[in-house]
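To start, the structure under review is shown below, and the notes come after it.
Each residue takes its place number in the sequence, starting with 1. Only a predicted model underlies this, so the values are computations on that prediction, with no experimental measurement involved.
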Amino acid sequence: MDEFTLRSRLSRRSARVAAVLLTAAGLTTPSLSPASAAPRQPAPEVWPRPQSTQTGPGRFTVPDRVVEVVGPNTDASAREVVETALREAGADRIVRVDKPPASAAFTVYLDGPGTTAALKRLGARSPAGLPSGGYALASGRRDGRTVLALSGSDATGTFYAAQTLRQLLSPSGKLPQVRIRDWPTAALRGVIEGFLL
């Protein structure tokens, strides 16, 4: 059994235990919008469970063409995971650019130029100050266009952000409106965290 499979299994067990405890305590995941707005979507199931997840009412369809903004230091493994997930969700053509486009129907910022600004426009903070392996991920619509931004505190964090995106994208090609901020609570992410509960 490889390390990723082991971590996933242990994290699923931890998440189930955490869900039971949170439900018993009456805690809920905060929404991105007021209660009077459209109904909130249930929190997406992501393992390991992120430290902070906020959902909104929106769901965005991955189109045939996606623009991906990357930088010279964007983690190649994370980029591969993101691109594979987008293709599985319906993107036939991923146009990789090194600066934010003037306009695109669906833009993904992956630790490239404009990522911090995109996170801010979506109401999310950058991963600055998070420990190694930490990341921020947000999706939403701005000016009639879908924006997705992923950024890690380091290459490991960017990779975890990409793995989270992979889990968020549904087989039908939908992406939920979400803001996620996560960081490990132990040096061996997932394995140690799985035994804390």
Side-chain angles (χ1 to χ4, degrees), residues 4 32-33 41 44 46 50 52-183 189:
F4 183 76
L32 289 175
S33 57
Q41 297 292 325
V46 173
S52 172
T53 302
Q54 297 175 307
T55 59
R59 292 188 63 78
F60 316 113
T61 301
V62 176
D64 293 342
R65 180 181 180 273
V66 172
V67 173
E68 181 185 39
V69 184
V70 296
N73 298 319
T74 298
D75 181 66
S77 301
R79 193 182 71 227
E80 183 178 331
V81 170
V82 168
E83 291 176 0
T84 299
L86 289 168
R87 284 190 180 96
E88 289 174 355
D92 292 328
R93 184 171 172 226
I94 298 173
V95 180
R96 202 178 297 153
V97 298
D98 59 3
K99 62 181 178 179
S103 65
F106 194 108
T107 303
V108 178
Y109 291 86
L110 180 59
D111 263 348
T115 303
T116 300
L119 285 167
K120 186 175 181 179
R121 284 194 311 272
L122 294 168
R125 293 184 294 154
S126 81
L130 291 180
S132 176
Y135 68 88
L137 181 154
S139 63
R141 287 192 57 85
R142 290 294 173 263
D143 303 320
R145 297 179 176 91
T146 302
V147 177
L148 168 63
L150 304 87
S151 184
S153 60
D154 56 11
T156 301
T158 303
F159 183 75
Y160 281 120
Q163 291 293 341
T164 296
L165 173 64
R166 181 183 58 78
Q167 296 177 67
L168 290 173
L169 286 167
S170 73
S172 62
K174 299 288 187 185
L175 173 68
Q177 181 181 1
V178 69
R179 286 194 309 244
I180 294 176
R181 191 169 172 82
D182 193 24
W183 60 91
R189 186 180 185 108

Rounded to the nearest 0.5 Å, what separation is found between the [atom1] atom of [X] and the [atom2] atom of [Y]?
{"X": "Phe159", "Y": "Arg79", "atom1": "CZ", "atom2": "CZ", "result": "13.5 Å"}
{"X": "Leu175", "Y": "Thr146", "atom1": "CG", "atom2": "OG1", "result": "8.0 Å"}
{"X": "Thr53", "Y": "Arg179", "atom1": "OG1", "atom2": "CZ", "result": "11.0 Å"}

Is the closest side-chain heavy-atom distance between [X] and [Y] below 4.5 Å?
{"X": "Gln163", "Y": "Val81", "answer": "yes"}
{"X": "Val69", "Y": "Leu110", "answer": "no"}
{"X": "Val178", "Y": "Gln54", "answer": "no"}

Could you go through residues 87-99 and list every donor-acceptor pair under 3.5 Å that involves a side-chain atom there, pairing it with any protein atom two or more places apart or in another chain?
residue, atom, partner, partner atom, Å
Arg96, NE, Glu83, OE2, 3.1
Arg96, NH2, Glu83, OE1, 3.1
Arg96, NH2, Glu83, OE2, 3.0

Can you spot which of Val82, Thr107, Leu165, Val66 makes a side chain to side chain contact (heavy atoms under 4.5 Å, CB included) with Leu148?
-> Leu165
Please tabulate, for the side chains in residues 115-129, all donor-acceptor contacts under 3.5 angstrom to protein atoms that are two or more places apart in sequence or on a different chain.
residue, atom, partner, partner atom, Å
Thr115, OG1, Asp111, N, 3.4
Thr115, OG1, Gly112, N, 2.9
Thr115, OG1, Gly112, O, 2.7
Ser126, OG, Ala128, N, 3.2

If every non-hydrogen atom of [X] is compared with every non-hydrogen atom of [Y], which pair is closest and at what distance?
{"X": "Pro50", "Y": "Ile180", "value": "CB-CG2, 3.5 Å"}
{"X": "Phe106", "Y": "Leu86", "value": "CE2-CD2, 4.3 Å"}
{"X": "Thr158", "Y": "Ser151", "value": "OG1-C, 4.4 Å"}
{"X": "Leu137", "Y": "Ala161", "value": "CD1-O, 3.6 Å"}
{"X": "Ser139", "Y": "Pro176", "value": "OG-O, 2.6 Å"}
{"X": "Tyr109", "Y": "Pro101", "value": "OH-CD, 4.3 Å"}

Using atom types as modelled and distance alone, determine if a side-chain donor or acceptor of [X] lies under 3.5 Å from a backbone N or O of [Y].
{"X": "Asp154", "Y": "Gly133", "answer": "yes"}
{"X": "Thr74", "Y": "Val70", "answer": "no"}
{"X": "Ser153", "Y": "Gly157", "answer": "no"}

Consider only side-chain N and O atoms of Tyr135 and Thr164, and report whether a donor and an acceptor are under 3.5 Å apart.
-> yes
Show your reasoning for whether side-chain contact (heavy atoms from CB on, under 4.5 Å) applies to Phe60 and Arg141.
-> CA-CA 8 Å; Phe60 316 113; Arg141 287 192 57 85; 3.3 Å; yes
